[in-house]
Amino acid sequence: MNSKDSHDIPPDHPRYESLKLRAKVVDAYKSGVLADSGLIAYGRGEAFDYLLGEETSSVAKKAIETAAATLLLAENPVISVNGNTAALVPEKVVELASTLDAKIEINLFYRTPERVQAIKKVLNDAGAAEVLGDEDDPKHITGLESPRSRVSREGIYRADVVLVPLEDGDRAQALVSNGKKVVTVDLNPLSRTAKTATVTIVDNLVRVMPQLIQEVKRLQLMGTSTLQDIVDGFDNQQNLQDSLKLMLESLS
Ligand code: ATP
Ligand code: MG
């Protein structure tokens, strides 16, 4: 089911790209992929994106390079997918997972069996052969109450690096406390997730995914020590400060 809006946007509208993405998100809400609060989270992201001029900054590019290196150095990388991610970039999730040989796991804040199955279908339709996160016998990570603590035995539970776009701050913290490296994408450099993660990419997920795939492909040809140098040379708190500075400059 497509929202009526997605067919009615004139291509010459100055906000065409933005409106098209909104229609995509609304469609995902209507089909049960996205929770109502996912719409609000998307709107908050849009506001920060305005302050970035809706462009990937050089600061974000540095974080993308580090994210790619971190994922390539991982033994068991997992891509965690929520409703917003499934709504916006399902094909890119599948492409990144196959490029990295990473697992895909559905991980929801507002979890219902129906939403899990709706997201699984979106990922399968996008080409995913295996999607974790709907097992009857999940494991639990410490620091969160059940059901938010549930993780897949073969996925996040044994992962060393987790890519979790648009994650909730509590869960990002719990993943870090459980010894995982967390790579996140969050347009808000002030969010708890952004501050807690190991690598935070302050940019729109829609722009990040193709660039992250490209970086993984480029860095795949490099040796481990080169990747480690990239990771060691990155300071996440500094990168967040730099992103915030760009936003503040855009206001003046
Ligand atoms: P936290 O719990 O980390 O403090 P929060 O409560 O501020 O986060 P959430 O609702 O948990 O926010 O998560 C939504 C986050 O995702 C927001 O910070 C928003 O800026 C960001 N976001 C929304 N859409 C996108 C997008 N397309 N690309 C990147 N980030 C996005
Ligand atoms: Mg957050």
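Numbering of ligands and ligand atoms starts at 1, following listing order.
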When only distance counts, is Asn84 in polar contact with ligand 1, meaning an N/O pair under 3.5 Å?
-> no
Heavy-atom nearest neighbour of atom 20 (O) of ligand 1 within options Gly45, Gly38, Gly43 | Gly45
Counting N and O atoms only, with roles assigned by atom type, does the side chain of Thr193 sit under 3.5 Å from a partner on the main chain of Glu167, one being a donor and the other an acceptor?
-> yes
Ligand 1 contact by Leu190, heavy-atom criterion under 4.0 angstrom | no
Under 4.0 Å from one or more heavy atoms of Asp203, ligand 1 contributes atoms 28 (N), 29 (C)
Is Asp242 salt-bridged to Lys62, going by a charged N under 4.0 Å from an acidic O?
-> no
Asn178 versus Thr142, side-chain donor and acceptor atoms under 3.5 Å = yes
Quick one: do Glu65 and Arg218 satisfy salt bridge (Lys or Arg N to Asp or Glu O under 4.0 Å)? Show the steps, please.
-> CA-CA 10 Å; Glu65 182 188 48; Arg218 181 176 73 84; 3.1 Å; yes
Ligand 1 N/O within reach of Leu166 N/O, cut-off under 3.5 Å | no
Is Asp170 close to ligand 1, meaning an N/O of one under 3.5 Å from an N/O of the other?
-> no
Can Asn204 be said to touch ligand 1, with heavy atoms closer than 4.0 Å?
-> yes
Pull out every atom of ligand 1 sitting under 4.0 Å from any heavy atom of Thr193, numbered as shown with elements.
-> 1 (P), 3 (O)
Does Lys180 pair with Asp160 as a salt bridge, N-O distance under 4.0 Å?
-> no
With no hydrogens and no angle check, is any side-chain donor or acceptor of Thr200 less than 3.5 Å from a backbone partner on Ala194?
-> yes
CZ of Phe109 to CG of Asp170, rounded to nearest 0.5 Å, is 7.0 Å
Where does Leu88 meet ligand 1, judged by heavy-atom distances below 4.0 Å: at the side chain, the backbone, both, or neither?
-> side chain
Could an N or O of ligand 1 be found under 3.5 Å from any N or O of Leu187, whether backbone or side chain?
-> yes
Those atoms of ligand 1 less than 4.0 Å from some heavy atom in Ala41 | 10 (O), 14 (C), 19 (C), 23 (C), 24 (N)
Could you verify whether a donor N or O on one side chain and an acceptor N or O on the other, from Ser177 and Gln173, lie under 3.5 Å apart?
-> yes
